[in-house]
Undergrad: 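First the structure, then my questions, so here it is.
All ligand and atom numbering here is 1-based and tracks the order in the structure.
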Amino acid sequence: MKTTLKTNITVKDVCDGFVYNELEGKGLFGLSGRLTIQPEYQRNYIYADGKRDVAVIASILAGYPLGLIYFNKVAQNKFEVLDGQQRITSIGRFVTNKFAIHSNDTPQYFDSLAADLQAKILAAQLLIYECEGEESEIKKWFETINIAGVPLNAQELRNAIFSGPFVTLGKAEFSNSKNANIQKWSAYVSGSALRQDFLECALDWVSKGEIGEYMSLHRNDTNIQPLKTYFNTVISWVSTVFTDVESEMRGLEWGRLYETYHNKPYDPKVVSSQVRNLYGDSYIKNCKGVFEYILGGSVDKKLLEVRVFDDATKKSTYTQQTVKSQAKGESNCPLCVLGHDANQNKIWNVADMDADHVTAWSKGGATATSNCQMLCKTHNRAKGNR
Ligand SMILES: [Zn+2]
(Lines give C-alpha, C1' and ligand atoms only; values in the text may rest on other atoms or scores of the structure.)
Protein backbone atom coordinates (compact mmCIF):
# COMPACT_ATOMS: atom_id res chain seq x y z
CA MET A 1 0.00 0.00 0.00
CA LYS A 2 1.25 3.47 -0.89
CA THR A 3 0.75 6.18 1.70
CA THR A 4 1.57 9.82 1.23
CA LEU A 5 1.56 12.23 4.14
CA LYS A 6 0.06 15.61 3.23
CA THR A 7 0.59 18.53 5.55
CA ASN A 8 -0.38 21.37 3.26
CA ILE A 9 -4.14 20.79 3.07
CA THR A 10 -5.95 23.41 5.11
CA VAL A 11 -9.37 23.64 6.69
CA LYS A 12 -10.25 26.09 3.93
CA ASP A 13 -9.36 23.51 1.26
CA VAL A 14 -11.33 20.73 2.89
CA CYS A 15 -14.35 22.94 3.49
CA ASP A 16 -14.48 24.21 -0.09
CA GLY A 17 -17.79 22.94 -1.43
CA PHE A 18 -18.71 21.34 1.89
CA VAL A 19 -22.20 19.87 1.79
CA TYR A 20 -23.99 18.72 4.88
CA ASN A 21 -27.21 16.72 4.65
CA GLU A 22 -29.37 17.77 7.64
CA LEU A 23 -31.93 15.08 6.93
CA GLU A 24 -29.53 12.16 7.06
CA GLY A 25 -27.09 13.81 9.46
CA LYS A 26 -24.18 13.29 7.11
CA GLY A 27 -21.32 15.35 5.86
CA LEU A 28 -21.25 14.60 2.15
CA PHE A 29 -18.54 16.33 0.14
CA GLY A 30 -15.56 18.61 0.47
CA LEU A 31 -12.23 19.50 -1.13
CA SER A 32 -14.01 21.18 -4.09
CA GLY A 33 -16.05 18.06 -4.75
CA ARG A 34 -13.06 15.73 -4.86
CA LEU A 35 -13.62 14.29 -1.37
CA THR A 36 -16.48 12.05 -0.28
CA ILE A 37 -16.68 12.63 3.45
CA GLN A 38 -19.15 10.00 4.44
CA PRO A 39 -19.12 7.07 2.06
CA GLU A 40 -22.03 4.66 2.25
CA TYR A 41 -20.20 2.32 4.60
CA GLN A 42 -19.31 4.87 7.27
CA ARG A 43 -21.34 5.23 10.40
CA ASN A 44 -23.40 8.38 10.68
CA TYR A 45 -22.15 11.65 12.07
CA ILE A 46 -22.34 11.43 15.84
CA TYR A 47 -20.39 14.51 16.96
CA ALA A 48 -23.38 16.90 16.73
CA ASP A 49 -23.84 17.02 20.48
CA GLY A 50 -22.53 20.49 21.36
CA LYS A 51 -19.51 18.87 23.06
CA ARG A 52 -17.47 16.80 20.67
CA ASP A 53 -18.12 19.12 17.73
CA VAL A 54 -17.27 22.17 19.87
CA ALA A 55 -14.11 20.43 21.13
CA VAL A 56 -12.85 20.03 17.56
CA ILE A 57 -13.12 23.79 16.95
CA ALA A 58 -11.66 24.63 20.35
CA SER A 59 -8.65 22.44 19.50
CA ILE A 60 -8.04 24.30 16.25
CA LEU A 61 -8.33 27.69 17.97
CA ALA A 62 -5.90 26.56 20.66
CA GLY A 63 -3.48 25.36 18.00
CA TYR A 64 -3.68 21.72 19.09
CA PRO A 65 -3.19 19.04 16.45
CA LEU A 66 -6.37 17.23 15.47
CA GLY A 67 -4.67 13.90 14.95
CA LEU A 68 -4.19 11.92 11.80
CA ILE A 69 -6.80 11.82 9.10
CA TYR A 70 -6.82 9.12 6.45
CA PHE A 71 -8.06 9.46 2.89
CA ASN A 72 -8.47 6.56 0.52
CA LYS A 73 -7.52 7.48 -3.03
CA VAL A 74 -10.27 5.92 -5.16
CA ALA A 75 -9.37 7.48 -8.50
CA GLN A 76 -7.17 10.21 -9.88
CA ASN A 77 -7.93 13.22 -7.68
CA LYS A 78 -10.85 11.45 -5.96
CA PHE A 79 -10.78 10.57 -2.30
CA GLU A 80 -12.93 9.05 0.41
CA VAL A 81 -12.45 9.65 4.11
CA LEU A 82 -11.38 6.40 5.74
CA ASP A 83 -10.82 7.86 9.17
CA GLY A 84 -11.60 11.41 10.29
CA GLN A 85 -15.10 11.98 8.98
CA GLN A 86 -16.40 13.04 12.40
CA ARG A 87 -13.71 15.72 12.71
CA ILE A 88 -14.05 16.92 9.12
CA THR A 89 -17.84 17.09 9.34
CA SER A 90 -17.57 19.08 12.58
CA ILE A 91 -15.21 21.56 10.94
CA GLY A 92 -17.39 21.85 7.84
CA ARG A 93 -20.53 22.37 9.86
CA PHE A 94 -18.90 25.07 11.96
CA VAL A 95 -17.50 26.96 8.98
CA THR A 96 -20.96 26.87 7.36
CA ASN A 97 -22.59 28.22 10.56
CA LYS A 98 -24.44 25.04 11.55
CA PHE A 99 -23.46 25.27 15.22
CA ALA A 100 -21.89 27.73 17.64
CA ILE A 101 -19.06 27.60 20.11
CA HIS A 102 -19.30 29.52 23.37
CA SER A 103 -17.09 32.34 24.49
CA ASN A 104 -17.98 34.01 27.80
CA ASP A 105 -21.37 32.28 27.64
CA THR A 106 -22.16 33.94 24.32
CA PRO A 107 -22.83 31.62 21.42
CA GLN A 108 -20.40 32.36 18.61
CA TYR A 109 -21.05 31.26 15.07
CA PHE A 110 -18.25 31.27 12.54
CA ASP A 111 -19.66 34.38 10.88
CA SER A 112 -19.64 36.29 14.17
CA LEU A 113 -16.03 35.42 15.08
CA ALA A 114 -13.35 38.09 14.89
CA ALA A 115 -11.66 38.10 11.49
CA ASP A 116 -8.32 36.93 12.87
CA LEU A 117 -9.96 33.88 14.49
CA GLN A 118 -11.79 33.06 11.27
CA ALA A 119 -8.50 33.26 9.41
CA LYS A 120 -6.78 31.09 12.00
CA ILE A 121 -9.37 28.35 11.58
CA LEU A 122 -9.32 28.46 7.78
CA ALA A 123 -5.53 28.38 7.66
CA ALA A 124 -5.18 25.46 10.06
CA GLN A 125 -3.34 22.61 8.37
CA LEU A 126 -4.55 19.06 8.65
CA LEU A 127 -2.36 16.00 8.89
CA ILE A 128 -3.64 13.74 6.15
CA TYR A 129 -2.44 10.36 4.97
CA GLU A 130 -3.49 9.54 1.43
CA CYS A 131 -3.64 5.77 1.05
CA GLU A 132 -3.65 3.92 -2.20
CA GLY A 133 -3.56 0.19 -2.60
CA GLU A 134 -5.08 -3.15 -3.40
CA GLU A 135 -8.22 -4.24 -1.59
CA SER A 136 -6.32 -6.84 0.40
CA GLU A 137 -3.80 -4.29 1.60
CA ILE A 138 -6.43 -1.78 2.60
CA LYS A 139 -8.32 -4.55 4.37
CA LYS A 140 -5.25 -5.47 6.34
CA TRP A 141 -4.59 -1.89 7.20
CA PHE A 142 -8.24 -1.32 8.12
CA GLU A 143 -8.06 -4.20 10.55
CA THR A 144 -4.93 -2.83 12.16
CA ILE A 145 -6.09 0.65 13.08
CA ASN A 146 -8.91 1.62 15.34
CA ILE A 147 -11.26 3.71 13.33
CA ALA A 148 -12.49 6.76 15.24
CA GLY A 149 -12.16 4.96 18.55
CA VAL A 150 -15.03 2.57 17.86
CA PRO A 151 -13.57 -0.32 15.87
CA LEU A 152 -15.65 -1.44 12.93
CA ASN A 153 -16.82 -5.01 13.28
CA ALA A 154 -15.96 -7.63 10.67
CA GLN A 155 -18.98 -6.99 8.45
CA GLU A 156 -18.69 -3.19 8.66
CA LEU A 157 -15.11 -3.65 7.47
CA ARG A 158 -16.21 -5.82 4.55
CA ASN A 159 -18.87 -3.27 3.62
CA ALA A 160 -16.12 -0.67 3.53
CA ILE A 161 -13.74 -2.78 1.50
CA PHE A 162 -16.32 -3.96 -1.03
CA SER A 163 -18.41 -0.79 -1.10
CA GLY A 164 -20.51 -0.46 -4.21
CA PRO A 165 -24.01 -1.14 -5.52
CA PHE A 166 -24.19 -4.63 -4.01
CA VAL A 167 -23.43 -3.38 -0.48
CA THR A 168 -25.90 -0.52 -0.87
CA LEU A 169 -28.69 -2.92 -1.86
CA GLY A 170 -27.69 -5.44 0.80
CA LYS A 171 -27.85 -2.79 3.49
CA ALA A 172 -31.22 -1.55 2.25
CA GLU A 173 -32.61 -5.06 2.71
CA PHE A 174 -30.77 -6.45 5.73
CA SER A 175 -29.72 -3.51 7.87
CA ASN A 176 -32.79 -1.39 7.48
CA SER A 177 -34.56 -1.29 10.83
CA LYS A 178 -37.71 -0.13 9.04
CA ASN A 179 -37.91 -3.47 7.22
CA ALA A 180 -40.75 -5.33 8.99
CA ASN A 181 -39.04 -8.65 8.27
CA ILE A 182 -36.21 -7.90 10.69
CA GLN A 183 -38.54 -8.66 13.60
CA LYS A 184 -39.49 -12.03 12.11
CA TRP A 185 -35.90 -12.90 11.18
CA SER A 186 -34.66 -12.08 14.67
CA ALA A 187 -36.24 -15.32 15.88
CA TYR A 188 -33.41 -17.11 14.03
CA VAL A 189 -30.70 -14.50 13.57
CA SER A 190 -28.94 -12.83 16.48
CA GLY A 191 -27.35 -9.43 16.74
CA SER A 192 -28.19 -5.98 15.49
CA ALA A 193 -29.39 -5.11 12.01
CA LEU A 194 -27.74 -1.69 12.30
CA ARG A 195 -24.37 -3.26 13.07
CA GLN A 196 -24.76 -5.41 9.91
CA ASP A 197 -25.30 -8.72 11.73
CA PHE A 198 -28.27 -9.69 9.55
CA LEU A 199 -26.45 -8.87 6.34
CA GLU A 200 -23.47 -10.85 7.60
CA CYS A 201 -25.70 -13.82 8.40
CA ALA A 202 -27.37 -13.78 4.97
CA LEU A 203 -23.97 -13.57 3.28
CA ASP A 204 -22.55 -16.31 5.49
CA TRP A 205 -25.37 -18.67 4.55
CA VAL A 206 -25.34 -18.05 0.82
CA SER A 207 -21.53 -18.16 0.59
CA LYS A 208 -21.06 -21.15 2.93
CA GLY A 209 -18.82 -19.02 5.10
CA GLU A 210 -16.79 -17.41 2.28
CA ILE A 211 -18.22 -13.92 2.76
CA GLY A 212 -15.27 -11.92 1.47
CA GLU A 213 -15.00 -14.00 -1.66
CA TYR A 214 -18.73 -13.70 -2.33
CA MET A 215 -18.74 -9.93 -1.83
CA SER A 216 -15.74 -9.48 -4.05
CA LEU A 217 -17.39 -11.51 -6.81
CA HIS A 218 -20.71 -9.66 -6.58
CA ARG A 219 -19.38 -6.24 -5.71
CA ASN A 220 -20.81 -4.51 -8.77
CA ASP A 221 -24.07 -6.47 -8.99
CA THR A 222 -27.10 -4.26 -9.28
CA ASN A 223 -29.48 -6.79 -7.81
CA ILE A 224 -29.23 -9.03 -4.75
CA GLN A 225 -31.96 -11.52 -5.64
CA PRO A 226 -29.83 -14.67 -5.16
CA LEU A 227 -28.84 -13.48 -1.68
CA LYS A 228 -32.44 -12.70 -0.73
CA THR A 229 -33.80 -15.92 -2.18
CA TYR A 230 -31.30 -18.13 -0.38
CA PHE A 231 -31.82 -16.37 2.94
CA ASN A 232 -35.61 -16.59 2.68
CA THR A 233 -35.41 -20.26 1.66
CA VAL A 234 -33.43 -21.10 4.80
CA ILE A 235 -35.74 -19.10 7.07
CA SER A 236 -38.82 -20.66 5.54
CA TRP A 237 -37.35 -24.18 5.89
CA VAL A 238 -36.58 -23.64 9.60
CA SER A 239 -39.98 -22.21 10.37
CA THR A 240 -41.69 -25.08 8.55
CA VAL A 241 -39.77 -27.88 10.29
CA PHE A 242 -39.87 -26.24 13.72
CA THR A 243 -43.31 -24.73 14.22
CA ASP A 244 -42.56 -23.48 17.73
CA VAL A 245 -40.17 -20.57 18.15
CA GLU A 246 -37.76 -21.02 21.06
CA SER A 247 -35.28 -18.35 22.12
CA GLU A 248 -32.42 -20.87 21.77
CA MET A 249 -33.04 -20.96 18.01
CA ARG A 250 -31.61 -17.47 17.65
CA GLY A 251 -28.15 -17.42 16.11
CA LEU A 252 -27.86 -21.13 15.29
CA GLU A 253 -26.01 -22.14 12.12
CA TRP A 254 -29.20 -22.50 10.12
CA GLY A 255 -27.39 -22.19 6.81
CA ARG A 256 -25.25 -25.24 7.56
CA LEU A 257 -28.23 -27.16 8.99
CA TYR A 258 -30.30 -26.34 5.91
CA GLU A 259 -27.55 -27.60 3.60
CA THR A 260 -27.17 -30.80 5.63
CA TYR A 261 -30.79 -31.70 6.27
CA HIS A 262 -33.17 -29.96 3.87
CA ASN A 263 -33.54 -33.08 1.71
CA LYS A 264 -34.79 -35.15 4.66
CA PRO A 265 -38.53 -35.22 5.32
CA TYR A 266 -39.81 -34.23 8.76
CA ASP A 267 -43.28 -34.29 10.28
CA PRO A 268 -43.62 -30.91 12.00
CA LYS A 269 -46.06 -32.35 14.56
CA VAL A 270 -43.64 -35.11 15.57
CA VAL A 271 -40.75 -32.65 15.62
CA SER A 272 -42.74 -30.30 17.81
CA SER A 273 -43.43 -32.99 20.42
CA GLN A 274 -39.75 -34.03 20.34
CA VAL A 275 -38.74 -30.45 21.03
CA ARG A 276 -41.17 -30.22 23.95
CA ASN A 277 -39.92 -33.51 25.46
CA LEU A 278 -36.28 -32.50 25.24
CA TYR A 279 -37.01 -29.03 26.63
CA GLY A 280 -38.74 -30.71 29.57
CA ASP A 281 -35.77 -32.99 30.28
CA SER A 282 -33.87 -31.51 33.19
CA TYR A 283 -30.75 -33.56 32.35
CA ILE A 284 -30.17 -31.64 29.14
CA LYS A 285 -27.80 -28.76 29.69
CA ASN A 286 -27.62 -27.43 26.14
CA CYS A 287 -31.05 -26.65 24.68
CA LYS A 288 -29.37 -24.99 21.68
CA GLY A 289 -28.35 -28.50 20.60
CA VAL A 290 -31.92 -29.82 20.61
CA PHE A 291 -32.65 -28.73 17.02
CA GLU A 292 -29.63 -30.28 15.37
CA TYR A 293 -30.10 -33.42 17.53
CA ILE A 294 -33.63 -33.86 16.16
CA LEU A 295 -32.65 -33.03 12.57
CA GLY A 296 -29.92 -35.69 12.76
CA GLY A 297 -32.37 -38.39 13.87
CA SER A 298 -31.97 -38.07 17.67
CA VAL A 299 -28.64 -39.91 17.75
CA ASP A 300 -25.84 -37.51 18.63
CA LYS A 301 -26.22 -37.02 22.39
CA LYS A 302 -23.06 -34.88 22.53
CA LEU A 303 -25.14 -32.02 21.12
CA LEU A 304 -27.32 -32.00 24.23
CA GLU A 305 -24.58 -32.08 26.88
CA VAL A 306 -26.55 -34.45 29.06
CA ARG A 307 -25.77 -33.77 32.69
CA VAL A 308 -22.95 -35.95 34.03
CA PHE A 309 -22.43 -37.40 37.50
CA ASP A 310 -20.74 -35.06 39.97
CA ASP A 311 -17.54 -35.93 41.80
CA ALA A 312 -19.23 -36.71 45.12
CA THR A 313 -21.53 -39.27 43.47
CA LYS A 314 -18.61 -40.81 41.58
CA LYS A 315 -16.52 -41.09 44.74
CA SER A 316 -19.19 -42.66 46.93
CA THR A 317 -20.16 -45.12 44.16
CA TYR A 318 -16.49 -46.03 43.71
CA THR A 319 -16.04 -46.67 47.42
CA GLN A 320 -19.14 -48.88 47.72
CA GLN A 321 -18.26 -50.86 44.57
CA THR A 322 -14.64 -51.34 45.61
CA VAL A 323 -15.39 -52.51 49.17
CA LYS A 324 -17.83 -55.16 47.85
CA SER A 325 -15.44 -56.29 45.08
CA GLN A 326 -12.49 -56.64 47.43
CA ALA A 327 -14.59 -58.84 49.75
CA LYS A 328 -15.46 -61.10 46.80
CA GLY A 329 -11.92 -61.02 45.38
CA GLU A 330 -13.04 -59.75 41.99
CA SER A 331 -12.49 -56.58 39.92
CA ASN A 332 -14.29 -53.39 40.92
CA CYS A 333 -15.28 -52.93 37.25
CA PRO A 334 -18.39 -55.08 36.80
CA LEU A 335 -17.62 -55.58 33.10
CA CYS A 336 -14.03 -56.71 33.78
CA VAL A 337 -15.49 -59.36 36.12
CA LEU A 338 -17.35 -60.84 33.13
CA GLY A 339 -14.15 -61.07 31.08
CA HIS A 340 -11.65 -63.90 30.90
CA ASP A 341 -8.35 -62.09 31.28
CA ALA A 342 -6.09 -60.86 34.07
CA ASN A 343 -8.35 -57.88 34.69
CA GLN A 344 -11.02 -60.19 36.09
CA ASN A 345 -9.89 -59.40 39.62
CA LYS A 346 -8.12 -56.12 39.07
CA ILE A 347 -8.93 -53.32 41.51
CA TRP A 348 -8.79 -50.07 39.54
CA ASN A 349 -7.89 -46.71 41.03
CA VAL A 350 -10.69 -44.14 40.97
CA ALA A 351 -8.67 -42.13 38.44
CA ASP A 352 -8.78 -45.06 36.01
CA MET A 353 -12.56 -45.32 36.08
CA ASP A 354 -15.50 -43.29 34.76
CA ALA A 355 -19.13 -42.98 35.80
CA ASP A 356 -21.74 -44.69 33.66
CA HIS A 357 -25.53 -44.59 33.54
CA VAL A 358 -26.77 -48.15 34.33
CA THR A 359 -29.92 -47.34 32.39
CA ALA A 360 -28.94 -45.02 29.55
CA TRP A 361 -30.18 -41.41 29.65
CA SER A 362 -31.81 -41.94 26.24
CA LYS A 363 -33.88 -44.78 27.75
CA GLY A 364 -35.03 -42.64 30.63
CA GLY A 365 -32.19 -43.37 33.08
CA ALA A 366 -31.63 -40.64 35.66
CA THR A 367 -28.35 -38.95 36.52
CA ALA A 368 -28.69 -40.03 40.18
CA THR A 369 -26.69 -42.18 42.57
CA SER A 370 -29.13 -45.07 42.12
CA ASN A 371 -28.37 -45.17 38.39
CA CYS A 372 -24.59 -44.71 38.64
CA GLN A 373 -21.92 -47.35 38.26
CA MET A 374 -18.17 -46.98 37.86
CA LEU A 375 -16.52 -48.75 34.92
CA CYS A 376 -12.87 -48.94 33.95
CA LYS A 377 -12.14 -46.39 31.24
CA THR A 378 -11.90 -49.00 28.48
CA HIS A 379 -15.28 -50.49 29.25
CA ASN A 380 -16.89 -47.12 29.77
CA ARG A 381 -15.72 -45.97 26.36
CA ALA A 382 -16.87 -49.18 24.73
CA LYS A 383 -20.32 -48.85 26.30
CA GLY A 384 -20.62 -45.19 25.37
CA ASN A 385 -19.95 -45.95 21.73
CA ARG A 386 -22.66 -48.56 21.37
ZN1 LIG B 1 -13.57 -52.96 32.95
Undergrad: We want to know whether Asn332 and Gln321 form a side-chain donor-acceptor pair, criterion being a heavy-atom distance below 3.5 angstrom.
TA: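 There is no such pair between these side chains.
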
Undergrad: Hey, is the main chain of His357 close enough, under 3.5 Å, to the side chain of Asn371 for a donor-acceptor pair?
TA: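 Not a single qualifying donor-acceptor pair exists.
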
Undergrad: Would you please say whether a donor-acceptor pair under 3.5 Å links the side chains of Tyr279 and Glu248?
TA: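 Yes - a donor-acceptor pair under 3.5 Å links their side chains.
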
Undergrad: Report, one line per pair, each donor and acceptor closer than 3.5 Å where one atom sits in a side chain of residues 120-131; sequence neighbours left out.
TA:
from: Lys120; atom 1: NZ; to: Leu61; atom 2: O; distance (Å): 2.7

Undergrad: What count do you get for protein N, O or S atoms closer to the Zn ion (ligand 1) than 2.8 Å?
TA: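 Those protein atoms number 4 in total.
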
Undergrad: Side chains of Arg256 and Thr260: is there a donor and an acceptor less than 3.5 Å apart?
TA: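 No - no donor-acceptor pair under 3.5 Å links their side chains.
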
Undergrad: Going by distance alone, is a donor N or O of one side chain under 3.5 Å from an acceptor N or O of the other, for Asp281 and Trp361?
TA: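 There is such a pair between these side chains.
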
